Amino acid sequence: MSTHAPADTAHAHDDHDSHGHAAHDSHGHGHELSFFQKYVFSTDHKVIGIQFLITTLLMLMVGGALALGVRWQLAYRFSTMPIVGQLVFANEGGQISPEFYTMLFTMHATVMIFLVIIPILAGAFGNFLIPLMIGADDMAFPTLNMLSYWFMWPAIFFFGLSFFVEGGASSGGWTNYPPLSAIRAAAPGSQDGQTLWLIGVTFIGVSSMMGSVNYMTTIINMRAPGMTLFRMPMTIWAMFITAILQAFALPVLTAAGFMILADRTIGTCFFIPGGLTVNNTPTTVGGGQALLWQHLFWFYSHPAVYIMLLPAMGMVSDMLSCFSRKPLFGYKPMVYSIAAIAGLGFIVWGHHMFISGMNPALGMTFMISTMMIALPSAVKTFNWLGTMWGGNIQFTTPMINSIAFVSMFVVGGLSGIFMAAVPVDIYIHDTYFIVAHFHYVLFGATLFGCFGAIHYWFPKMWGRMMNETAGKIHFVISFIAFNFTFFPMHFLGAAGMPRRLADPYNYPYLEHLLPLNQFMTWSAIVMGFAQFILLANFFLSIKYGKRVGRNPWNANGLEWTAPSPPGHGNFDILPVVYRGPYEYATPNLDVDYFPQTQYVPVEQRVNVAHGH
Amino acid sequence: MSPWLIILSLGSAAVLLAGALTKKFWPAFFGLSAVATVGISVLAPSYRWWLPGGAQSPMGTEIDDLFYMILIITTVTYIAVHVVLITALIKFSGKPGVKASFSHGSHALEVVWTIVPAAILLFISLYQIDVWMRFRNFATFNRHSRENPVAEVTARQFEWRIRYPAPGKKLMQKPQPDDLYTVNDLHVPFGEPVVIQLRSEDVLHSFFLPHLRIKQDAVPGAIIPVQFQANFEGEQELVCAELCGWGHYKMRGQLTAQRKSEFDKYLRDLQARQSDDGVSGGRAAAVVTQATPKAENHP
Ligand code: HEM
Ligand SMILES: [Cu+2]
Ligand SMILES: [Cu+2]
């Protein structure tokens with residue numbers, strides 16, 4: 001039995017499935033949950049995970065729409081937008097005004113980072129997978145968990161509201177450097193929109209912090225018998241280390257957010273130097289430091305970019321091993337490199353500030369630490385290649401997305417080296433080269449990893465498969481359109497095109513880049529619309545997908561021994577763990593997978609030891 | 001459309017078709033994407049999707065050299081990784097009844113692929129420190145230009161204000177009555193290192209000379225000396241590279257590099273124009289201060 005047509009393999013546990021729920025119901029909890037408790041204010045980690053997933057997928061479409069606005073302007077500056085223009089920008093004759101352009105890219109990044117990437121990884125997959133993969137019945141603090149989801153909504157509300165207040169939404173870029181963001185007169189978006197942005201980000205911070213505390217506690221305390229640290233799947237390791245990162249980095253952002261809020265509302269001047277005359281308003285007094293914010297912001301946000309990556313690395317490791325039908329190559333080096341990335345991640349923040357005017361010696365140390373952080377990333381890449389090498393690769397939808405992850409991550413990692421080289425960064429800082437870099441790591445790697453993970457764990461969420469053909473079509477279109485949209489950004493950056501310009505062609509040396517930008521915009525539009533395939537596949541499969549048993553992929557992890565979908569409390573038979581999660585292709589067995597819970601009697605092990 | 005692009009597209013279609021027919025669609029797909037990535041990068045300069053010409057300053061030339069060095073290292077890495085990846089996809093794509101090899105890793109390999117990249121990265125780091133220090137460490141600046149900055153450039157929403165000392169005088173931190181002012185129009189002598197004092201009057205901006213590969217943020221509350229040397233005679237763009245508000249995109253200036261003698265003449269003309277009150281033939285320095293009330297705000 002070593003073919004792995006998804007879905008229809010018989011597994012020893014499958015016969016439990018038909019009464020998976022029944023079994024659960026009969027050991028009932030003595031009370032009936034109301035609809036609200038079950039699906040809305042649920043404390044069940046699976047429901048919360050799915051709530052996060054659906055919310056972030058919808059936010060992905062919102063963030064994507066904002067991005068298309070940005071792209072439209074870059075291709076057809078100040079021209080009337082078809083259809084949307086008349087609806088949204090009726091006042092400006094259907095055009096994007098320069099101030100609205102700044103709001104578009106600010107809110108695009110804000111939505112994508114704070115409402116999509118961070119919550120889809122930690123919120124959706126973290127919640128859904130952690131208890132299932134370590135053999136726990138729920139999170140350590142279920143109520144806190146529920147709150148962590150619901151704290152996202154005030155943020156969504158405030159970000160949304162900010163578009164309708166006077167001056168419009170925040171327009172200082174997602175980095176929101178003061179004084180631009182600290183002085184109300186500095187930009188239209190620096191009025192109430194900026195305050196709402198800060199409040200929204202604070203809510204997201206609280207939400208993440210509640211998740212982080214929960215994940216750490218759960219992973220430390222609630223692992224099933226036999227689930228030692230070094231038997232944990234990479235997903236769990238990644239979630240664990242991400243939670244630690246978050247716990248240490250987030251307070252800094254939250255504090256800095258309050259400081260800027262104080263600057264804006266009660267007249268402090270942490271970030272506002274004296275003697276500035278902004279937009280003909282009275283000269284500022286006080287002796288704040290504009291660069292202080294950058295230090296505080298990046299002290300959070302650099303670790304945060306790894307918060308936006310590590311969980312995807314973990315999930316991709318699991319998928320690559322499963323679909324190569326081969327143990328993960330170098331499990332421990334993989335764990336150590338995640339830890340190294342996390343550790344180094346705290347001492348590289350200055351690479352975002354090389355040309356900010358900070359002390360040149362500081363720039364040098366940040367350069368060396370930044371170069372060094374590329375090392376564990378390289379080690380991980382090589383180990384993924386090692387995992388596939390010698391495997392028996394199944395090109396399922398999760399697998400092709402995972403391969404894309406590896407390939408795209410290589411591009412993003414290598415472009416990082418250009419920018420880590422300080423002299424080169426003098427030139428490419430704040431150009432489209434940076435934009436290319438982080439889209440390759442955040443979209444090319446993380447988001448493709450998430451696409452894979454959605455297809456991979458969907459059967460566990462709903463007991464049904466997503467459609468493979470639709471999954472592959474979605475992948476092919478997204479992958480090609482992604483590269484068409486973002487790879488040329490390296491060229492734009494090399495050509496010296498700065499980011500965040502409402503009209504780059506105002507500079508003659510950039511005029512010839514217009515046709516390329518138009519091509520990229522059309523690719524982006526295709527990419528955006530391709531996501532409807534994913535959404536349709538996701539929502540239709542909930543109802544119409546092919547029914548499957550517990551372990552459609554013949555995978556080893558604990559989550560695959562629970563019923564699909566798992567009932568409240570997850571496992572009908574409490575799992576006991578005998579080995580790590582990657583024992584695919586073991587010579588001891590006839591099948592090529594070896595679940596973590598599968599007990600092998602002593603005689604059989606002896607036989608094997610004597611060569612069978 | 002260039003013939004190359006047509007060949008590239010037709011070739012791609014052929015590869016994918018062949019892949020599909022031999023049940024190797026995915027290896028073909030990923031292989032093609034890697035080949036196309038390298039291919040388009042090779043073609044890019046011919047469309048001018050590339051550095052805007054050779055660097056026109058000595059520092060810029062060094063930056064370009066570093067850029068190309070890193071480009072070579074990363075390209076080799078990219079190709080090597082993808083050759084391995086695609087080979088693995090082709091060689092080990094799933095066959096029914098075959099079991100993967102049972103291996104958990106290799107200590108020797110881990111050591112090799114940790115040490116080799118570490119050495120390369122360390123090499124890149126150390127190799128470039130020198131260029132960085134010469135860009136940013138004021139002590140390494142040319143002594144004469146450091147002590148005699150040509151101008152003070154003050155960024156404000158959304159323009160560059162430039163203040164030169166009067167001919168024969170030194171630039172003072174505090175504006176002097178006989179200082180000369182222009183907006184968005186920076187002149188410097190070419191062929192020699194010059195230093196400007198960069199500052200901001202309101203929010204962050206960034207002084208970016210793309211053709212010279214020079215960039216430095218203008219930070220409110222700070223005065224940052226920037227050294228560069230124009231190796232050309234003529235005009236180039238001065239760009240604001242740090243988001244500074246809604247009008248960021250139009251904060252465009254111009255750098256004119258000219259012969260030293262012409263530069264001096266330019267300053268003299270500027271002086272004549274500026275102190276011309278139409279009556280006294282050029283001594284009314286007070287007019288200048290009145291014309292630039294902003295100057296009083298400087299600390
Ligand atoms: C392989 C190692 C990496 C290196 C050496 C590296 C290096 C850098 C450097 C030097 C910058 C600043 C460039 C500038 O603004 O001038 C930067 C920006 C950025 N990087 Fe990376 N990076 C790496 C990996 C990653 C990863 C894995 C992620 C995310 C998952 C990431 C996300 C970002 C983001 C979001 C920015 C830009 C933020 C902004 O300015 O808006 N990077 N990277
Ligand atoms: Cu960073
Ligand atoms: Cu600007």
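Here the structure is a predicted model, which means the values were calculated and not measured.
Applying the side chain to side chain contact (heavy atoms under 4.5 Å, CB included) criterion to F25(B), with sequence neighbours excluded, gives L16(B), A20(B), F29(B). Scored by the side-chain hydrogen bond (donor to acceptor under 3.5 Å, both in side chains) test, D202(B) finds H205(B) as partners (sequence neighbours excluded).
In terms of heavy-atom pairs under 4.5 Å with chain A, the best-connected choice from A222(B), G221(B), P45(B), P220(B) is P220(B). The candidate from S41(B), S206(B), A218(B) with the greatest count of non-hydrogen atom pairs under 4.5 Å with chain A is S41(B).
A distance of 11.0 Å separates CG in L212(B) from OH in Y427(A), rounded to the nearest 0.5 Å.
Q216(B) and H429(A) are not linked by any side-chain donor-acceptor pair at a separation below 3.5 angstrom, with hydrogens and angles left out of the test. A donor-acceptor contact closer than 3.5 angstrom is absent between the side chains of H248(B) and T102(A).
Contact annotation for V410(A): only side-chain heavy atoms (C-beta onward) come within less than 4.5 Å of a heavy atom of chain B. With a 4.5 angstrom heavy-atom cutoff, V239(B) touches chain A via backbone and side-chain atoms both. With a 4.5 angstrom heavy-atom cutoff, E242(B) touches chain A via backbone and side-chain atoms both. Heavy atoms closer than 4.5 Å to chain B are found in the side chain of P498(A), but not in its backbone. Residue contact with chain B, scored on non-hydrogen atoms closer than 4.5 Å, involves the side chain of F479(A) exclusively. Contact annotation for F271(A): neither backbone nor side-chain heavy atoms come within less than 4.5 Å of a heavy atom of chain B. Proximity to chain B (any heavy atom under 4.5 Å) is shown, for A186(A), by both the backbone and the side chain. If you measure heavy-atom distances from P423(A) to chain B, the contacts under 4.5 Å come from both the backbone and the side chain. Heavy atoms of H107(B) lying under 4.5 Å from chain A are absent altogether. Residue contact with chain B, scored on non-hydrogen atoms closer than 4.5 Å, involves the backbone and the side chain of I426(A) alike. Interface residue I63(B): backbone and side-chain heavy atoms are both found under 4.5 Å from chain A. Using a 4.5 Å cut-off between heavy atoms, Q128(B) touches chain A through backbone and side chain atoms alike. With a 4.5 angstrom heavy-atom cutoff, F487(A) touches chain B only via side-chain atoms. Contacts between L209(B) and chain A at a heavy-atom distance below 4.5 Å are absent for every atom of the residue. Contact of A182(A) with chain B is not made at all, since no heavy-atom distance falls under 4.5 Å. Using a 4.5 Å cut-off between heavy atoms, L385(A) touches chain B through its side chain atoms alone. With a 4.5 angstrom heavy-atom cutoff, S324(A) touches chain B only via backbone atoms. Proximity to chain B is limited to the backbone of M358(A), based on heavy atoms less than 4.5 angstrom apart.
Ring planes of F475(A) and F30(B): tilted class, angle from 30 to 60°. The aromatic rings of F433(A) and F67(B) stand perpendicular to each other, their planes meeting at an angle above 60°, with 30° marking the opposite boundary.
Between L89(B) and M388(A), some side-chain heavy-atom pair lies under the 4.5 Å cut-off.
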